[in-house]
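Just so you know, these numbers come straight off a predicted model, no measurement behind them. In what follows, chains carry the letters A, B, and so on, assigned in the order in which the sequence lines appear, proteins first and then strands, with residues in each chain numbered from 1.
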Protein chains: 6
Amino acid sequence: DFMYALENDIKPAFGVSSEDFELFIRNGIVLWSEKIQEVLEEGKLRINQTIKSEMTPLVTILLEGKANSGKTALAAKIAMESEFPFMKFCSPQSMIGYSELAKAEAIKKVFNDAYKSELSCVVVDEIESLLDYAPIGPRFSNFVLQTLKILFKKLPPKGRKLLLIATTSEQELVKDLGLYQSFSKVIHVPNITRGSEVMAFVEGLGCFSNGEMSRLSNLINHKFLSIGVKSLLDTIELSNQATDALRIDKFIDALEDIGGLHD
Amino acid sequence: DFMYALENDIKPAFGVSSEDFELFIRNGIVLWSEKIQEVLEEGKLRINQTIKSEMTPLVTILLEGKANSGKTALAAKIAMESEFPFMKFCSPQSMIGYSELAKAEAIKKVFNDAYKSELSCVVVDEIESLLDYAPIGPRFSNFVLQTLKILFKKLPPKGRKLLLIATTSEQELVKDLGLYQSFSKVIHVPNITRGSEVMAFVEGLGCFSNGEMSRLSNLINHKFLSIGVKSLLDTIELSNQATDALRIDKFIDALEDIGGLHD
Amino acid sequence: DFMYALENDIKPAFGVSSEDFELFIRNGIVLWSEKIQEVLEEGKLRINQTIKSEMTPLVTILLEGKANSGKTALAAKIAMESEFPFMKFCSPQSMIGYSELAKAEAIKKVFNDAYKSELSCVVVDEIESLLDYAPIGPRFSNFVLQTLKILFKKLPPKGRKLLLIATTSEQELVKDLGLYQSFSKVIHVPNITRGSEVMAFVEGLGCFSNGEMSRLSNLINHKFLSIGVKSLLDTIELSNQATDALRIDKFIDALEDIGGLHD
Amino acid sequence: DFMYALENDIKPAFGVSSEDFELFIRNGIVLWSEKIQEVLEEGKLRINQTIKSEMTPLVTILLEGKANSGKTALAAKIAMESEFPFMKFCSPQSMIGYSELAKAEAIKKVFNDAYKSELSCVVVDEIESLLDYAPIGPRFSNFVLQTLKILFKKLPPKGRKLLLIATTSEQELVKDLGLYQSFSKVIHVPNITRGSEVMAFVEGLGCFSNGEMSRLSNLINHKFLSIGVKSLLDTIELSNQATDALRIDKFIDALEDIGGLHD
Amino acid sequence: DFMYALENDIKPAFGVSSEDFELFIRNGIVLWSEKIQEVLEEGKLRINQTIKSEMTPLVTILLEGKANSGKTALAAKIAMESEFPFMKFCSPQSMIGYSELAKAEAIKKVFNDAYKSELSCVVVDEIESLLDYAPIGPRFSNFVLQTLKILFKKLPPKGRKLLLIATTSEQELVKDLGLYQSFSKVIHVPNITRGSEVMAFVEGLGCFSNGEMSRLSNLINHKFLSIGVKSLLDTIELSNQATDALRIDKFIDALEDIGGLHD
Amino acid sequence: DFMYALENDIKPAFGVSSEDFELFIRNGIVLWSEKIQEVLEEGKLRINQTIKSEMTPLVTILLEGKANSGKTALAAKIAMESEFPFMKFCSPQSMIGYSELAKAEAIKKVFNDAYKSELSCVVVDEIESLLDYAPIGPRFSNFVLQTLKILFKKLPPKGRKLLLIATTSEQELVKDLGLYQSFSKVIHVPNITRGSEVMAFVEGLGCFSNGEMSRLSNLINHKFLSIGVKSLLDTIELSNQATDALRIDKFIDALEDIGGLHD
Ligand SMILES: Nc1ncnc2c1ncn2[C@@H]1O[C@H](COP(=O)(O)OP(=O)(O)OP(=O)(O)O)[C@@H](O)[C@H]1O
Ligand SMILES: Nc1ncnc2c1ncn2[C@@H]1O[C@H](COP(=O)(O)OP(=O)(O)OP(=O)(O)O)[C@@H](O)[C@H]1O
Ligand SMILES: Nc1ncnc2c1ncn2[C@@H]1O[C@H](COP(=O)(O)OP(=O)(O)OP(=O)(O)O)[C@@H](O)[C@H]1O
Ligand SMILES: Nc1ncnc2c1ncn2[C@@H]1O[C@H](COP(=O)(O)OP(=O)(O)OP(=O)(O)O)[C@@H](O)[C@H]1O
Ligand SMILES: Nc1ncnc2c1ncn2[C@@H]1O[C@H](COP(=O)(O)OP(=O)(O)OP(=O)(O)O)[C@@H](O)[C@H]1O
Ligand SMILES: Nc1ncnc2c1ncn2[C@@H]1O[C@H](COP(=O)(O)OP(=O)(O)OP(=O)(O)O)[C@@H](O)[C@H]1O
Ligand SMILES: [Mg+2]
Ligand SMILES: [Mg+2]
Ligand SMILES: [Mg+2]
Ligand SMILES: [Mg+2]
Ligand SMILES: [Mg+2]
Ligand SMILES: [Mg+2]
C-alpha cells in the first residue's frame, strides 16, 4: 500500500476543472418531465441558501436514483449553475486502483482546497463507489466512510461557505451507514416510466423524423416502462443501426427488452 | 500505517484551545425548554462534585441524543462553565484520516495532558465516530474502544481531578460495548417535539417578525414533530431564501418534510 | 505482495495479440443451432453501434452461460469479426498467481491501451475468475471488482470508441455484485439440450462415418440432455479411443454419464 | 506494530511495586456484609495452601462480580495480606495502547519474574480488558487469551510457589473461553442489594451525621436495590454537593436513579 | 511471509522423481474387488485419450473417496502405468509450512515444467490439503484455489499433452468450490464394505495361515463394515502383535472398533 | 511477526529431554481404577506395533478426556515406557508467545528430529492449545492445523518408525477439524465418577490416616461425582490446611463444590 501510495502521489490528478463538468453532460439535459425542472429548482434554492445564509455555512444535498437515471449529469448541471469561484468533482473514475488510504486522502484534499475559497461547490459522485461498496458481504471501506461522514458535517472555517452535492444509486446503503442525517435535503432523480415521457425525451433530442414520431406515439404513448435516460440513449443509438424502415420496430423491441415496456 | 503515523506526528494539532470551544456554540444556546436548563444544571452539579469531592477524583457524564440535537454545543457550554485551568476537546473532526493507532495515541495524549493539571475538563465528542463505527457489520475500532474504556475508568494521579464529558448519538452502541457502566450519569439531549417548542426556539433567535410569529403560532402551536436544533436552524435559513410573503409557508413545508410536522 | 508485484512487473505479458485470439477458437465454431447464429448477429449489431454511434462511445455486452458452453470461443469470434485496429484479451489464464493489486493494474493497463486507439475491442474473459471468486464464503476480490465496475462505465476520451465483451459462467454473481446494470446487452450462450443438436454438432465436426451417424441418429435424435460444447468435444475424443464397433456405444455411455441423456 | 513494540520496550513500566497496591484500595475496604468477610477468608485459606502445599505449587482464584462491585480493591487486599516477597499487579491500565504482542509479552514477563521468587503473588486484573474484549462481535485478542490460558496452568519451577488472583466482570466470557477450568476456586464479589447493607456501608464510611443516618434508615432500611460499592461512593459524593438539608433526599434520588431502589 | 518464502526458495525440493512414485504404493495394490480393476481401466482409457486425442490436449480425472481408502496409491499406480516421459507428484507433504504464495508458486512450477514435455502426467494429491482446508469456518486458501482452478482448465501449448490426476477425500468441497466442472471424469475409490472383501484383501496380502483364514471366513464372510485399505493394514498389523491363538480375535475386535463390523 | 520470529530462533528451547518427562508425572500415576490400567496396556500394545510392524511404520494414538483428567501425565508415562532412543514433548507451555509460523516451525522440527532416529516417540500435548483454539468464534490457527494434519499422516523415511501420542480435552474439535481419521486408536481418559474411586485414589496417595479413611468411606463410598485427578489433588491439598478434626469435612465440602458430589 505504501509503495502504491507513493506512486499515486506522483500523479495526483484527481481534481476536475470547471471545463470538465461539461463532459458529464455530454448529451445535454433533456427536460422530459416537470420532475426534472423541480430537481434543478431545488438546486437553485440551495445555491442561494449557501450564498446568503448566516447560520448554515455548509449546505448539503443528495441526488439519489436508479443506475443510469442521470444523477451525475444533473449534479454537474446544478454545480455549473452555481458559478461559484471554486468547483470540484470527486469522482471514483479518477481514483481507479487507489488504496482506501489514497482515496480518503484525495477526497480530503478536495475539501481542504474548497475551504480556501469563499464560495465553493463540491460534487461527490457515486458515494457507493467511493466506498468500494460490494452488495455481497456487504463490503465497503470503513476508512473512506468515516472520512466522508466527518467531511459531510464539518463546518468550513469562518467566512467560507460550501455547497456539497452528492449522488448515489444505493439510497438504502447511504441510510443504513448513517450518512443520511447529514444532508439538508435528499432529492429523487426519477426513471422514465411512461410512454409519453419517452416521447418527450426523443422529441427533445430530435432523433426521429416526424413520421417516425407519430408512429411511435401510436405505439407507446399510453404504455408504461422503467428506464434511465442513459439506457434510453443506448437504446436510441442501437435502433439507429437498423434501416430506416425498421428503426422504430427495433427501438420498441429494445424498450421491451431493457425497459420492460408494457400496457 | 507506520509512515502515516510519522507524518501525523509532525503535526499533532489535535488539541483545541479554550477559544475554540466557542466555535462549537456558533449559534448560541437557545433555552427552548426547561429540559435544556436541566441539562445545564446537571452539568454544574458535576462541575462542583469534581472540585469538592474527596473520594471520586474522576467524574464522568455522557450526553446522548439524536443526530443534530445539539449535543456538541451543550457539551462545549458545560465545559466552558467549569472554567477549569485545563480544557480540551477530543473531536473526530481533528482526526480525519488518522489510523486507529494514531487516533488512540491522540486521545491518550489529551488525557495525559489533562492529568498534569489540578483541575481539568475533557470533552470526548461523538464517541461513535472516534470508534470509526459503521452500523453495517457492525464495524468499529476495537483498539480505540479499549483505549477509551480504560481512560474512562482510570483515576487521575493523587491531587488531580478530571471532569469528563462525552457525547454520542448511538446510545445503544455505547451500552452494548460496555462503556455505559463507567459513566456517573447519562444525560438525555432531547429533540424538539412540539410546535410550542419551535415557537420558543424561533422567538429565542428573533428571526421572524411579530406578524410572522403570530401567523406561525396559529399554524403549528398545537402540532407535533421531531427535529434537532441543528436541522431546525437549516430549515429557518432555507425559508429565509423565500420572499417575505412566502417565508412562513416555506418554513412549514420544510418542518413537514424534515420534522414530520403533524397534528 | 510488494516483492511479488515487482517480480510480476518484470514480465507483464498479459496482453494477447490478435493472432492469439485464434487459440481460443482452436476447434472452430460449429453452428449447431440457430441460437449460435443469433449470438453472432447480436455481436455484429454491437460492432456497428460502436463504429457509428454518436452518443454512446462505449458499448458493452456480456456473454453468459454454463461452464464449458463455449463462451470464450464465441467472445473471441465476435472480437475477431470487429477487425478493430486494437483488440485485447483480458484472461485470468495470463494472471496466474497475481496479487489482486497486480491483477487490477494489468486490467487497467489493457483499458488504458485501448483508450489510445480510435476503435478498440476488449474481451474480459471469466469475470468470476478475475474476481478470484469462490462460492464458499462467498469470497472475491473487492479491489478487482471496484476496478471492473468503474472501467465498465468509464467513457473513453473524446473521439475514441470501445466495444467491451465480457464472459461469465456465474450470471447471478455478476447480477448480485451490481455489474449487470452497466451492460447494454446480456447474451445467453446455450448448452446443447437435444439429441438433434448433438447430431448437428457431430455432423459439423465430421468425426463419425455415415453408418455411425445414422445409428447415432436412431439412438439419440429424440432424446434430451444438457452438455456444453467443450464437454461434448471431450466425450467425442473419449469414444474415439474405443474400437470402431464400440465407438457409438461408448459415445452414448459418455453422453449419459456427463450430459444426463434421457428420453 | 513493530515500531510500536520497540517504543514500548523502552519504557516497560508495567510492574507495580507493593506500595502501589494501596492505590487500588484508595477508599479502604468497608465490611458492609459477612459476604465480604468470607471473600477475605477464602483468600487467606488459599494463601496458606500456597505456602504449605506439596503437590499444588500453583494456586489460582478468580474474583468475579458486576462492574463497580469492588473486585480490584478486594484482589489487592488479599494480595497484600499474603505478604509474599514478590507481588505484582497485571493491570490493563498500565498497558494502554499496547499491541496484543506487547501485552502478551508484558504479562509473560510478570510471570517470569514471579517464577524467580520462592513465594509470589500475581494479580491479573480485568481479564476481559487484557483480552481487548468487545461484546459486539464478540472480539478479543486470541493471542493474549492463549498466553493467559497457558500461564494459568503452567507450574512454577521446582521449589517455587505462586498464588494467582484474577478478576473479571465478564464471568460468562471467562467460562466460554475455557479459562474457568484452570481456577481452583471462583469467588463471587456481590453487589449491595439491600437498604440495610447501604446503611452498613455509609456507617462504615462515617459520612453522614447521626440525624441523617436515622432519617436514612427510616427511608431505605427495608428497601432493595443493586449497586456496586464504587458507584455507591460516587452517589455519596454527589449528595455531598447538596445543602445539608437536601443531602439525604439527593442521596436517595441518586440511589433510585443508579441503583433502582424500590420496595 | 516474505522472509519465509525466501527461505523456502533455497530448498525447492517439491518435485518427486518417478522412483518416488513407488513410495506411495509401499504395500502394493491388492485387487480386492472388481471395482479396483475398473478404476485402473478408466485410468488406462484416459492415458490413451491423452496420447491420441487431437481436440483435447488436456485430460483431467479426479479420484475421490473416504480418508484411508487408497486414493494416493491408485493415483500413483495410474501415473506409473502411463510411462510418460514427464511425471510429477504435487503433494502437500512436500509443502509443510509453505505460505499460500509459496504453495501456489510450487504448484505452478510443476505445471510449467510439465508444459515443456510432449507428454506429461501430473498428480495433484489431496486437493483439500493443498487448499489448507479446515471444515470449521470453513477456511481455505482462495489464492491456491484460484491457481488450481485456472491450471485445471488451461490448455498446454500447441503440441503438448497433459494427463492430470487429482485426488480428494472432500468431494463436496471440490464440488462446492466449482472445481468439479473442469474434470473430464470423476472416479470413486470405494471403501471395503463386506466381509468377503476383507477376505479377498487378506488373501491378497497372504498374512494369515490357512487355518486362520477359514476361521476368519466363518466369522466375517457375511458381515458388513466400512473401512479403508489403509486402516485395514493398520488393523492387520495390530492383530499381529497378539499371540497366534488370539490373532484372529484381536483382528475381529479391531474390525468392530474401527470398521463397525456387524451382521 | 518477523522480528518476533528472529528473537525466538535465538532460544529454540522447545525440546524436552527424557528427564523432563518425569516433571509431567510429578505426583505419580495412581491406579485408581482398572480403566487406568487399560489405558497403559493399550499404550504398550502400540509400542510393540511400532517396533515390530512391517507395513505401518507410523503408529498414532490420541488420549482424550476432560480438563484435569490426567491426560498429560498418562501420555508421558506411556512415552517413558517405550524407552525409545528418541523421545520428545511438543508442549504449548514451551511455545508461549510464539507466532503461528514459529509454532508450526517448532513442531516440524520435533518431527524432523524424530525421523532421524530408528525408533522415536513424540508426544503432542494439548492439540487445542497448539492450535490456539478459542471456543468463541471459534478461532484456531489454520496454519498449525495444516502442519499437524500432514505430520500426523506423513510416513517416516524407510527404516524409521515413529510412535505418536497426542492429547486433547476438545475431542469434538479434533473430530470436526478432520484430525480424527489419522489416529489408529482414540483412548478415553476417564474422570473419577464414584466415591469408591475417590477412596482408591486417596488410598493410593496415603494422605489420610486410617481413622479419616474409614470416616470418609462411610460418607462418600456410595456417592457419585465427576472430578479429574488434577482437581482432586487440589482438593486434597486444600483440606490439608484445615485442622485435623475438620480435614475430612473440608474435603467433602470441596468435593461437593468442585466435583458435584451427590447420592
Ligand atoms: N434530463 C436528464 N437528466 C440527466 N441526464 C440527461 C438528461 N437528459 C439527457 N441526459 C444525458 O443522459 C446521460 C445521463 O448519464 P449519467 O452518467 O448522468 O447517468 P447516471 O445516473 O449518473 O449513471 P450511473 O448510475 O451509471 O452513474 C448524460 O449523457 C446526459 O447528458
Ligand atoms: N439549546 C440548544 N442546544 C444545543 N445547540 C443549540 C441550542 N440552541 C441553539 N443551538 C445551536 O444549534 C447547533 C447545534 O449543533 P451541534 O453541532 O451541537 O449538534 P449535534 O447534536 O452535536 O450534531 P451532530 O449529531 O451532527 O453531532 C449549534 O450551532 C448551536 O449553537
Ligand atoms: N458453437 C460453438 N460455440 C463455442 N465453441 C465452440 C462451438 N463449436 C465448437 N466450439 C469449440 O468448443 C470449445 C469451447 O470452449 P470454450 O473455452 O470457449 O468454452 P467456455 O464456455 O469458455 O468454457 P469455460 O466455462 O471453461 O470457460 C472451443 O474449443 C471451440 O473451438
Ligand atoms: N467492601 C469493599 N469492597 C471493595 N471495595 C471497597 C469496599 N469498601 C470500599 N471499597 C472501595 O470501593 C472502591 C472499589 O473500586 P474497585 O476499583 O475495586 O471496583 P471494581 O469492581 O474493580 O470496578 P471495575 O468493575 O470498574 O473494575 C475502592 O475505592 C475501594 O477502596
Ligand atoms: N487396492 C488398493 N488400493 C489402494 N491402496 C492399496 C490397495 N491395496 C493395498 N493398498 C495399500 O494401501 C495403502 C493406501 O494408502 P493411501 O495413502 O493410498 O490411502 P489414501 O486414501 O491416499 O489415504 P489418505 O486419505 O490419508 O490420503 C498403500 O500403502 C497401498 O500400498
Ligand atoms: N491415574 C492418574 N492419571 C493421571 N495423572 C495422575 C494419576 N494419578 C495421579 N496423577 C497426577 O495427577 C496429575 C495429572 O495432571 P495432568 O497435567 O496430567 O492433567 P491433564 O489432564 O493433562 O490436565 P489439563 O487438562 O490441564 O492438561 C499429575 O500431577 C499426575 O502426577
Ligand atoms: Mg453517475
Ligand atoms: Mg456533534
Ligand atoms: Mg471460457
Ligand atoms: Mg476493577
Ligand atoms: Mg492420500
Ligand atoms: Mg495436560
Name the region of [X], side chain, backbone, both or neither, that has any atom closer than 4.5 Å to a heavy atom of chain F.
X      : answer
E/K230 : side chain
E/D234 : both
E/E170 : neither
E/N27  : side chain

Just wondering, more than 12 heavy atoms not from [X] lying within 6.0 Å of its [atom1]?
X      : atom1 : answer
E/E256 : CD    : yes
F/E42  : CD    : yes
F/E172 : CD    : yes
E/K223 : NZ    : yes

>> Please output the residues of residues 146-163 of chain F in contact with chain E, using a heavy-atom cutoff of under 4.5 Å, in numerical order.
In response: F/Q146, F/T147, F/K149, F/I150, F/L151, F/K153, F/K154, F/L155, F/P156, F/K158

> Is there any residue in residues 133-142 of chain F with a non-hydrogen atom under 4.5 Å from a non-hydrogen atom of chain E, and which ones are they?
Replying inline: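 Listed by number, the contacting residues are F/P138, F/R139, F/F140, F/N142.
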
Return the [atom1] to [atom2] distance between [X] and [Y], rounded to the nearest 0.5 Å.
X      : Y      : atom1 : atom2 : value
F/N48  : E/E237 : CG    : CD    : 12.5 Å
E/Q241 : F/I47  : CD    : CD1   : 11.5 Å
F/S184 : E/L233 : OG    : CG    : 11.5 Å
F/N112 : E/I96  : CG    : CD1   : 7.5 Å

> Looking only at heavy atoms, which two atoms of F/Q181 and E/A67 are closest? And how far apart?
Replying inline: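 Scanning both residues completely, I find the closest heavy atoms to be OE1-CB, 3.7 Å.
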
> So, for F/F143 and E/Y98, which heavy atoms are closest and what is the spacing to 0.1 Å?
Replying inline: CE1-O, 3.5 Å

>> For a side-chain contact (heavy atoms from CB on, under 4.5 Å) check, start with the C-alpha distance between F/R46 and E/L238, then their side-chain angles and the critical distance, and finish with the verdict.
In response: CA-CA 8 Å; F/R46 296 300 175 168; E/L238 184 73; 3.4 Å; yes

> Measuring heavy-atom distances to chain E, does F/L145 have an atom under 4.5 Å in its side chain, in its backbone, in both, or in neither?
Replying inline: side chain

> Are side-chain heavy atoms of E/L205 and F/M55 found at a separation under 4.5 Å?
Replying inline: yes

>> With a 4.5 Å cut-off on side-chain heavy atoms, are E/R26 and F/P57 touching?
In response: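 When only atoms from C-beta onward are counted, E/R26 and F/P57 do touch, with a gap below 4.5 Å.
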
